[in-house]
Each structure stands twice: as structure tokens, then as C-alpha cells.
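As C-alpha cells, the structure follows; a few thoughts come after it.
Naming: A, B, ... by sequence-line order, numbering from 1 per chain. If you're wondering where the values come from, they're calculated on a predicted model, not measured in any experiment.
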There are 2 protein chains.
Amino acid sequence: MPRVTLQTIADRVGVSRMTVSNAFSRPDQLSPALRERILAAAQDLGYAGPDPTARALATGTTGAVGVLLTDSLRYAFTDQVAGGFLGAIATELAPTGLAITLLTSSGTGDVVPARDVAIDGAVVYSCDPASPAVAWLRRRHLPMVFVDQDPADDVPCVNIADREGARAAAQHLADLGHRRFAIASALLEGHAARERQRGWSDVLDPLGVEPVFIRHPLEQTEGVRRDARALLSAADRPTAFLCYSDTTAAGVRQAAADLGLRVPEDLSVIGFDDGPVAARMQPPLTTVRQDVEEKGRVAAAALTEAIRRARTGPDGPVRHVLLPTSLVVRDSTGPAPRTPVRPAPPADPPADPPADPPALSRP
Amino acid sequence: MPRVTLQTIADRVGVSRMTVSNAFSRPDQLSPALRERILAAAQDLGYAGPDPTARALATGTTGAVGVLLTDSLRYAFTDQVAGGFLGAIATELAPTGLAITLLTSSGTGDVVPARDVAIDGAVVYSCDPASPAVAWLRRRHLPMVFVDQDPADDVPCVNIADREGARAAAQHLADLGHRRFAIASALLEGHAARERQRGWSDVLDPLGVEPVFIRHPLEQTEGVRRDARALLSAADRPTAFLCYSDTTAAGVRQAAADLGLRVPEDLSVIGFDDGPVAARMQPPLTTVRQDVEEKGRVAAAALTEAIRRARTGPDGPVRHVLLPTSLVVRDSTGPAPRTPVRPAPPADPPADPPADPPALSRP
DNA sequence: GCCACCATCTTGACCGGTACAGAACACGGC
DNA sequence: GCCGTGTTCTGTACCGGTCAAGATGGTGGC
């Protein structure tokens with residue numbers, strides 16, 4: 001059976017296709033009586049309203065905006081910090097009626113969502129700016145907002161004071177007398193990783209401190225735990241751990257627990273993000289706070305603004321927003337121990353013993 | 001300046017529009033040499049490939065599938081169980097290149113994503129089947145899959161054995177000798193809430209046990225905590241708490257902690273879902289396990305299958321999948337105390353004292 | 001040398017709507 | 001009776017692609 005379109009209804013009612021279209025999209029353009037008749041006929045024929053695809057082509061708007069994330073979409077739903085950010089975008093966007101389309105940065109083969117999916121604009125969240133997906137979005141001349149990303153001149157950007165936050169964290173530990181540092185950083189060299197690294201270096205370099213590094217993909221707390229354990233088993237083990245995120249810090253603290261090291265007496269640990277878990281840890285985690293909800297709200301607002309601009313023409317330079325970070329001192333940091341405690345052999349050996357040597361490196 | 005379309009490129013190269021289209025979408029339909037020339041011209045003109053909207057209209061596919069969620073999208077990113085489910089959908093869908101469009105069940109005013117956004121199909125996750133959004137999707141004759149939803153004959157459904165799981169939970173506590181029950185249920189009367197209620201009643205009714213109820217919106221642990229505290233302060237307080245989810249159970253356990261009640265000695269608590277937090281609680285939570293990842297995978301597979309069917313014509317009846325649940329006994333449940341302990345006044349009064357009376361009800 | 005066949009490119013119709021200008025008609029004022 | 005105004009509806013031209021069938025020219029078989 002053939003599909004029901006505007007024409008089907010028009011024929012049935014005996015009016016022009018355009019009038020039927022108006023019945024749905026411009027109620028003020030026809031008499032209420034006729035509109036009722038048309039709507040009734042539509043109902044009768046099982047017509048579900050103007051086809052979104054066709055309407056999108058004709059009007060030039062799709063009613064959806066994209067959110068470009070790193071390769072793994074799962075991350076968006078699993079990580080609490082990313083989740084908070086996306087949730088805030090969703091609530092900010094809700095009144096506008098715009099749906100959110102999730103796009104992955106990694107195109108698998110011939111289908112590339114960033115190139116092939118119809119959207120009105122996009123938020124690019126913490127992606128490699130050189131990735132093909134970002135390039136496609138740019139070529140499409142879509143209204144965009146970059147978040148946690150190297151700023152670009154021609155695109156609105158929302159960032160946080162990564163460097164200042166990291167600096168505050170390192171300074172806090174330095175003030176407490178620590179001089180043997182380890183850093184648990186991200187494996188991927190993103191904007192945030194680079195900036196935080198700079199912040200840590202701002203403090204540590206002048207002190208002549210050379211931290212030991214471990215690097216892992218985000219969310220891989222087990223790897224962090226294993227490598228941190230190896231690091232903390234050494235005779236000249238670090239007394240302070242700077243971490244890329246709260247999740248990373250959780251891995252480090254598990255390693256400390258494995259080895260019977262007390263936090264903060266034997267080891268100070270500092271996180272980043274101040275996500276939901278930070279305050280719930282025992283003892284609560286000292287960390288660098290960022291307001292992910294605000295970041296989401298600002299990003300969503302910037303995107304709707306960019307879309308508006310694309311329609312009405314630009315009215316001023318693109319805005320770059322930098323949100324503040326602040327050090328939240330809780331109980332996972334304390335004065336450097338006089339003589340670093342050699343970790344006692346753990347009471348019962350951890351389920352997953354350190355098998356392979358940790359990935360050490362100095363930049 | 002005018003937009004670059006296929007025609008622009010066709011004019012430039014001196015071929016027909018169709019040939020340019022083929023250069024992008026059907027490389028085998030023209031000589032490699034000409035294709036190179038066309039692609040070069042396209043590159044030159046800053047053409048980003050065929051317009052997704054127009055292509056969608058012509059081909060009838062959009063490259064995106066919808067996921068319809070309850071009113072609050074934030075929930076999708078915040079709740080770990082929902083997150084696990086959606087993450088599994090995302091990974092299962094990744095190889096197909098389909099993007100995921102998030103739709104809210106509550107249309108705000110004139111824009112209704114479920115009616116107005118172009119998609120190839122949709123997963124309906126735990127929504128009110130009578131909601132307008134579901135009705136719109138159905139009227140659009142979109143390929144659909146219902147998840148955690150009252151089954152419909154003409155739609156593929158994926159559900160879990162809610163009732164059996166709840167029954168096992170209640171039976172476990174009954175076997176331990178408990179006879180004074182409280183139930184922390186969901187505020188919204190969804191499919192899962194109803195089924196679990198049935199499962200609990202299957203066990204409690206024959207025993208003549210009349211549980212006390214508290215109900216709260218999902219994720220509102222503070223409300224649960226407050227009302228549970230009031231309930232547990234009574235002289236004839238319950239010794240066993242059946243909870244709608246692990247999150248709910250966490251609220252109940254906080255209430256117990258507030259009152260100095262020990263779990264499981266003074267109070268047995270049982271959750272539902274076996275999410276990430278269940279095993280991490282102290283002591284670990286006894287709960288009903290469901291495999292949300294599997295649920296996501298099955299749902300995604302069922303959706304691609306439904307989309308395929310819509311194209312090629314049906315080849316058999318629609319499938320209904322019921323995934324198993326199982327009771328995971330950990331350390332939050334134990335034998336019913338002989339004489340229920342009257343809770344001692346808490347050491348330090350909780351930050352948020354029970355202000356208003358709890359919402360008690362018997363069904 | 002003729003015809004079938006293939007690769008390559010073109011033509012015209014169509015996907016299902018919307019924008020915009022204008023036609024038809026009723027109404028009120030003078 | 002005429003004209004300006006407003007409402008209501010229609011006609012035509014798009015929006016930017018793809019599909020299916022046809023034109024064209026070169027190749028190979030016999």
C-alpha cells in the first residue's frame with residue numbers, strides 16, 4: 001500500500017497540498033473549520049504528521065544537534081564526569097526541543113556519522129582536533145562549540161582553567177613539604193592532559209622535582225592500580241600522587257590500600273574534577289573542582305547561540321569561555337612523612353598481583 | 001555566496017549532476033580518472049559530501065536511531081544502570097555506523113522530538129506506553145523495540161524476569177525468618193515496578209505479611225533516606241527492606257546508618273539490578289542481578305533486525321526476549337533478629353533530620 | 001562485418017515537504 | 001458602485017539529492 005503524504009490527504013479533502021501543509025505547520029493560515037476537516041482526514045488515514053526528513057530538507061533544520069565524543073560512546077554513559085556534563089547539556093537543551101545525537105569520533109569504514117548524519121550543529125567534547133570527524137564537521141560549516149579542546153579562533157570554545165587547577169594541586173603538595181612526586185596521567189594527549197601537565201610542571205620544575213609518570217587510558221583503574229602498586233613498592237617511593245582525575249586517584253588509592261599504606265599519613269593523593277565519588281571516599285579526596293554542570297549549560301547555550309547566528313548572520317566576535325577551577329582540600333593530603341615508610345607486605349596478597357613492570361617514563 | 005551542491009561541481013567539471021553523485025556514493029559507476037577529477041573539484045570548492053538531509057529524503061534512511069527515555073534525559077547519563085544499558089547499545093550499534101539520537105518522552109509544547117526528528121527506528125526504554133511520544137513513534141510506523149516495558153504483540157520486546165527476581169528476593173528474606181517487611185518502591189508505576197511488586201506479593205501474601213511502603217522518584221536517595229529513617233525509628237520497625245533498586249537500597253542503608261542500626265544484624269536490605277555500587281558497599285549488598293549490558297546488546301540487535309525487516313518484509317513473528325534475573329546473596333541480609341532492636345539515638349544527629357512524616361501506604 | 005555486451009555517462013522523474021507570490025472572495029467605508 | 005483591506009486558499013518553484021531506464025561509444029565473438 002502506498003504511503004500517506006500531504007497529497008493523499010489533499011485529494012481526500014479536496015484541497016491543495018499546500019493547504020494541508022498549512023493545517024499542520026501554519027494553523028493561522030486557514031480557517032479553523034477546514035483545518036479540523038483536514039486533521040480528521042489525516043487521523044483517518046493514519047497520517048503521523050509531515051515527514052521529518054522532507055521537512056528538514058525544505059526548511060533547512062533538523063531539530064537535532066550532535067555531540068561528538070571520543071571513539072568510545074560507552075564512556076559517555078559510564079564516566080560520571082562526562083555524564084554530568086552531557087546531562088547538563090540535555091536539560092539545558094530540553095526547552096528548545098532539540099534532540100541530542102551522539103556521534104563517535106572514530107568512523108568505522110564507509111559510514112561516518114559526523115559526515116552523514118543530519119544535524120543543526122554540534123558540540124565537540126574533548127576530541128582530537130585533528131580527527132577526521134572534527135574535520136568533517138568543519139567542512140560542513142556546521143555551527144559548533146568546542147569543549148575541553150584546544151581553542152580555535154573561529155569557533156566558540158568552552159574550557160576550564162586546567163593549568164591553574166593543576167598548579168594549585170601541585171603547590172598544595174609542595175607546601176606540605178612533599179618532594180617525591182608521582183603523576184598518574186591520561187594516556188591520550190588531549191588538551192586537558194597537556195594543560196594539566198603544564199600546571200604541574202609550573203610548580204615542580206622550579207623545585208627541581210622530577211616526578212615519575214604512569215599513563216593509562218581513562219577509566220582503566222585496574223591498570224593504574226597495578227602500576228601505582230609497583231611504584232609504591234620501591235624503596236624511594238613517592239610520597240605524593242598527582243592524578244589526572246578522581247577515577248585515576250581511586251586506582252592509586254586502591255594500590256596504597258593493597259600495600260598497607262595509609263592516606264594521607266604515608267601517601268598524599270590528589271585528584272581532579274571533584275566528581276561525585278571524591279567526597280565519598282574514605283578519607284575524602286582532596287581534588288581540583290570543576291563545575292561540569294555549568295560547563296554543560298554554557299556549552300549548550302553557546303551552541304544554540306551559534307545556531308542562531310548561522311541563521312541571522314554574525315553579530316560580534318565568537319566567544320571563548322574559561323570556567324574556573326578551585327582546589328578542594330579534604331583529607332587525602334597531609335604533610336610529607338619524614339622518612340617515607342617502606343610499604344609492609346600486604347596482609348593478604350591482592351587478587352591481581354603486579355605482573356608486568358609499570359610503564360615508567362620521564363617526559 | 002551560494003551553497004555548493006552537486007550541480008555546482010557538475011558545472012565545474014562539465015558532467016551531469018548524477019555522475020557527481022555517483023562519484024561519492026557509487027564509485028564503481030564511473031571511471032577512476034573522472035572520479036578523481038570530480039573529487040578534486042569538490043575538494044577545491046569546499047564541498048563536504050552529499051547533504052545528509054537530502055540524501056535521507058531520497059534514500060529513506062537517516063543513519064540514526066532514536067532512544068526514547070523517560071522525561072528526564074539527565075537520568076540517562078546519571079544512573080549507572082541506565083548508563084550501562086545505553087552504553088551497551090552504543091557499542092553494539094557502533095559497527096553499523098548508526099548514530100544514537102536521544103528522545104525525551106515529554107514533549108514540551110509545539111516541538112515533539114518523537115514526532116519531528118528523523119530516525120530509522122527507535123528503542124523505547126522504560127516509558128509509559130500511553131505517553132504521547134510512544135504514540136507518535138507508533139503512528140510513524142517506525143521499527144521499534146520495547147525494553148522494560150509492557151509487551152506489545154506487534155513490537156519486539158526485551159524484558160527481564162522482574163517478577164521472578166523479586167520473588168527470589170522476598171523468598172530469601174522469608175527463609176531467613178523475617179516477617180516484618182518494608183518496601184522501598186518507585187514512584188512511577190512502570191512495568192518493572194508492577195512486576196516486582198507482583199513478585200514480592202507472590203511470597204508475602206501467602207505468609208500474611210503486610211509490608212509498609214515508601215515510594216520515591218528514582219535517584220532520589222535523600223527522600224528514601226528520610227522516609228526510611230522515620231520508618232526504622234518506630235517501635236515495631238521492619239527487620240527487612242526490599243528495594244526497587246540498588247540506589248534505593250543505598251538510601252535505606254544510609255538511614256540505617258543514621259540510626260545506628262547494623263546491617264545485616266539489625267536490618268536486612270536487598271536491592272535490585274546488581275549495579276556497580278552493589279558489590280562495593282560495606283557490607284556488600286545482597287541484590288537481584290540483571291545483565292543490563294546483555295539487555296542493551298539484545299535490544300540493539302533487535303532494533304537493527306526490525307529495521308532490516310521493515311525494508312525486506314517480515315519473515316516470521318516478532319520476537320519477545322525475556323532475560324533471566326538471579327539473586328546474588330552477599331552480606332546485607334541475615335537471619336531475622338529475635339527481638340527487633342529499638343534504634344539507639346544516633347551518636348550525632350543526621351544533617352537532615354526527618355522533618356515531615358513519611359509517605360506510608362498499603363496497597 | 002555484424003551484433004551482443006559492457007562500461008560509462010545522461011535524462012527525467014521522484015522523495016515529501018515548504019516558501020512565496022498571487023488569485024478569489026467577502027467586507028466595510030465613503 | 002468602487003476601492004482598499006484582510007482572509008483564505010492555490011500554483012509554481014524550489015530544497016539537494018537518488019533511482020531506473022536509456023543513450024553512447026568501444027570491444028570481442030563468430
Side-chain angles (χ1 to χ4, degrees), chain A residues 2-39 41-42 45-63 115-120 139-142 311, chain B residues 2-39 41-42 45-63 115-120 139-142 311:
Chain A
R3 253 181 88 171
V4 180
T5 73
L6 290 183
Q7 192 62 60
T8 320
I9 302 169
D11 293 347
R12 168 74 87 84
V13 180
V15 295
S16 81
R17 185 175 38 144
M18 195 61 230
T19 301
V20 181
S21 171
N22 283 332
F24 286 100
S25 308
R26 292 270 179 80
D28 57 323
Q29 293 293 305
L30 74 174
S31 69
L34 179 55
R35 174 154 194 260
E36 271 316 307
R37 273 211 299 148
I38 292 176
L39 259 34
L45 290 163
Y47 183 70
D51 181 74
T53 316
R55 193 210 278 258
L57 178 59
T59 61
T61 69
T62 65
R115 163 167 53 92
D116 301 329
V117 174
I119 46 178
D120 292 335
R139 297 201 65 182
R140 285 173 69 180
H141 299 292
L142 281 171
R311 292 202 231 287
Chain B
R3 253 182 88 170
V4 180
T5 73
L6 289 183
Q7 192 64 57
T8 321
I9 302 169
D11 294 346
R12 169 74 86 84
V13 181
V15 295
S16 80
R17 185 173 41 144
M18 193 62 226
T19 302
V20 181
S21 172
N22 282 332
F24 285 100
S25 309
R26 292 269 178 82
D28 57 324
Q29 293 292 305
L30 73 173
S31 70
L34 179 56
R35 176 159 193 258
E36 270 315 306
R37 274 211 298 149
I38 292 176
L39 260 34
L45 290 163
Y47 183 71
D51 181 75
T53 315
R55 195 210 279 259
L57 178 59
T59 61
T61 71
T62 65
R115 164 166 52 93
D116 301 329
V117 174
I119 45 178
D120 291 335
R139 297 200 67 182
R140 285 172 67 180
H141 298 294
L142 281 172
R311 290 201 231 289

**Report entry** Selection: residues 27-39 of chain A, any non-hydrogen atom under 4.0 Å of DNA chain C
**Finding:** none
Using atom [atom1] of [X] as one end and atom [atom2] of [N] as the other, report the distance to the nearest whole Å.
X	N	atom1	atom2	answer
B/Ile9	C/dC9	CD1	C1'	17 Å
B/Asn22	C/dT10	CG	P	10 Å
A/Met18	D/dG11	CE	C1'	11 Å
B/Asp51	C/dG16	CG	C1'	15 Å
A/Arg115	D/dG16	CZ	P	19 Å
B/Arg55	D/dC15	CZ	C1'	16 Å
B/Leu57	C/dA13	CG	P	18 Å

For a quick test of reading the model: is some side-chain N or O of [X] closer than 4.0 Å to OP1 or OP2 of [N]?
X	N	result
A/Thr19	D/dT8	no
A/Arg26	C/dA19	yes
A/Thr5	C/dG16	no
A/Tyr47	C/dG16	no
B/Arg17	D/dG17	no

Requested in this report: Between C/dT10, D/dG17, C/dT18, spot the one nearest the side chain of B/Leu6, thanks.
Outcome: D/dG17
Query raised in the report: From C/dA19, C/dG17, D/dG17, pick the nucleotide closest to the side chain of A/Ala54?
Result: C/dG17
Requested in this report: Apply side-chain contact (heavy atoms from CB on, under 4.5 Å) to A/Leu34 and A/Thr19, showing your working.
Outcome: CA-CA 9 Å; A/Leu34 179 55; A/Thr19 301; 3.8 Å; yes
Report summary line: Between A/Val20 and B/Ala58, the residue closer to the 5' end of DNA chain C by nearest nucleotide is B/Ala58
Requested in this report: Report yes or no: does B/Arg139 contribute a side-chain atom to a donor-acceptor pair with the main-chain N or O of A/Gly46 at less than 3.5 Å?
Outcome: no
Requested in this report: Using a heavy-atom cut-off of under 4.0 Å over every strand shown, decide if B/Ser25 touches base, sugar-phosphate, or nothing.
Outcome: sugar-phosphate
Report summary line: Interatomic distance, CD@A/Glu36 vs CG@A/Leu30, rounded to 0.5 Å, equals 10.0 Å
Query raised in the report: Rounded to the nearest 0.5 Å, what separation is found between the CZ atom of B/Arg12 and the OH atom of B/Tyr47?
Result: 14.5 Å
Query - Pair B/Ile38-B/Asn22, side-chain contact (heavy atoms from CB on, under 4.5 Å): steps then yes or no - result: CA-CA 10 Å; B/Ile38 292 176; B/Asn22 282 332; over 6 Å; no
Report task. Dump the intermediate steps for side-chain hydrogen bond (donor to acceptor under 3.5 Å, both in side chains) on A/Asp120 and A/Thr62, then the final yes or no. Result -> CA-CA 6 Å; A/Asp120 292 335; A/Thr62 65; 3.0 Å; yes
Requested in this report: Would you indicate whether the side-chain heavy atoms of B/Val20 and B/Val13 approach each other to under 4.5 Å?
Outcome: no
